[in-house]
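Here the structure is laid out as structure tokens; the discussion comes afterwards.
None of these values were measured; they are calculated from a predicted model. So that the names make sense, note that chain A is the first sequence line, chain B the second, and so on, each numbered from 1.
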2 protein chains.
Amino acid sequence: MHVFWSKGYAATSMTDLLDAMGLSKSSFYEFFGNKHDAFMAALRRYADREVARLDASVCSGGCARRLIEIQLRGVIDRPTGEGDRRGCLTVNCAVELAPHDPVIESAVTAHMDRMEELFHRLIARGQAEGGISSRQDARMLARYLLNGLCGLQVMAKAGRDAKSLEDVVSTILTALD
Amino acid sequence: MHVFWSKGYAATSMTDLLDAMGLSKSSFYEFFGNKHDAFMAALRRYADREVARLDASVCSGGCARRLIEIQLRGVIDRPTGEGDRRGCLTVNCAVELAPHDPVIESAVTAHMDRMEELFHRLIARGQAEGGISSRQDARMLARYLLNGLCGLQVMAKAGRDAKSLEDVVSTILTALD
DNA sequence: AAGGTTCTGGACCATTTGGTCCAGAATAGG
DNA sequence: CCTATTCTGGACCAAATGGTCCAGAACCTT
């Protein structure tokens, strides 16, 4: 999965894949069928994990606004800590494959829908509790946050410096006041 | 250029390239040297065009806030009008190649720096004129807008519906109040 | 029409691509 | 210990990859 994640679909060869998975060619085709299906499996697994993480965060019951901040800041902290900036698999797919591959596109759409939904729930709660301003519609704010998150993912991959990303996060958050 | 733009680097074969450019193989290698250099040429040309466009907009002297809105909304209007959603070449590069290709990365960085700079100038003017609130730092707002733009580019490529993108644009803009 | 220059089509190259297949090694169960 | 099952390494495949090279067509200029 990590190979696809950091190199993208087209740039990942079967050799790369087999090396990374420590699997024989025969077993690979036995399990996955072909390269494309293996990629789909990786994408689905990634999306599920990511959704589960945000879901757990939402359900934790912490301050909504603070949880959102953590979610955004997570994008900044991760890439610097790891070897290479692989970003978000779904964003990578959206850019590399979604326009030409309907199967991938629907997986991307599904992931984004679920993320938007979780943000929406979080925001609605924050508005009820008073931590987030009710002057703006919760649905709109959810979409806005999802967009900001995707933007950050791109900026981080592009290698923008930490200060710039910090500025972005804090400016995004002011929309919640 | 359009082929690279819509298919990405790795997924574009020499055959695709030659067909699209209507050029013989020999002439291609005469002009560009190799595939990678051809891509760099396309990227540089794209970035220059894009910067020139925003620059012209900034220099037009119109209402800063309105010009920003047009710039953001441009991302939404384009993809639906054209055949396929190719998005922004620089964003595509940032995602597909920047982390593994220093030459591409610096081109991406340069483009983003220039865009940020133009946004900064536009915002500073808007603040001086009063159309944009001065409660936030112009540099931060510029980075914030660049981020929002990248996000929109991803969302559009992912095939999010028009209403969602509209919501995002208008919510982004409220940060200028 | 002759000459020189520019461009082209395609032959050709080694390498790599995703994918199939099977003999045999390793493992597990009795 | 012997059989079943699972897994592996590698041979093999046709097709496509990026790239080189050159004979000749097409184009100017004189």
What is the 5' to 3' range of DNA chain C, first to last nucleotide, that sits under 4.0 Å from any heavy atom of chain A?
dT17(C) to dC22(C)
Take atom CE of Met14(B) and atom P of dG19(D), then tell me their distance rounded to the nearest Å.
7 Å
Here the distance between atom C1' of dA16(D) and atom NZ of Lys7(B), to the nearest Å, is 13 Å
For [X], give me all partners under salt bridge (charged side-chain N to carboxylate O under 4.0 Å, His left out), at least two apart in sequence or on another chain.
{"X": "Asp137(B)", "value": "none"}
{"X": "Asp37(B)", "value": "none"}
{"X": "Arg66(A)", "value": "Glu69(A)"}

Taking N or O atoms only and anything under 3.5 Å, show me the protein contacts with nucleotides 24-28 of chain D, one pair per line.
none

What verdict does the side chain to side chain donor-acceptor pair (under 3.5 Å) test give for His111(A) and Asp48(A), after you've listed the backbone C-alpha separation in whole Å, the side-chain angles of each residue and the deciding distance to 0.1 Å?
CA-CA 8 Å; His111(A) 185 197; Asp48(A) 285 345; over 6 Å; no
The criterion is side-chain hydrogen bond (donor to acceptor under 3.5 Å, both in side chains); which residues satisfy it with Asp16(B), sequence neighbours excluded?
Lys7(B), Ser13(B)
What residues from residues 26-33 of chain B pass a heavy-atom cutoff of under 4.0 Å to DNA chain C?
Ser26(B), Ser27(B)
In chain order, what residues pass the ring-ring contact (aromatic ring centres under 6.0 Å, His included) check against Phe28(A), with sequence neighbours excluded?
Phe32(A)
Hits for ring-ring contact (aromatic ring centres under 6.0 Å, His included) against His100(B), two or more places apart or cross-chain, chain-then-number order -> none
Show every side-chain hydrogen bond (donor to acceptor under 3.5 Å, both in side chains) that has at least one partner inside residues 138-152 of chain A, sequence neighbours left out.
Glu116(A)-Arg139(A), Glu116(A)-Arg143(A), Glu117(A)-Arg139(A), Arg143(A)-Ser164(B), Arg143(A)-Asp167(B), Tyr144(A)-Tyr144(B)
Contacts of Ala110(B) meeting side chain to side chain contact (heavy atoms under 4.5 Å, CB included) (sequence neighbours excluded), chain-then-number -> none
Contacts of Gln136(B) meeting side chain to side chain contact (heavy atoms under 4.5 Å, CB included) (sequence neighbours excluded), chain-then-number -> Thr171(A), Thr174(A), Leu141(B)
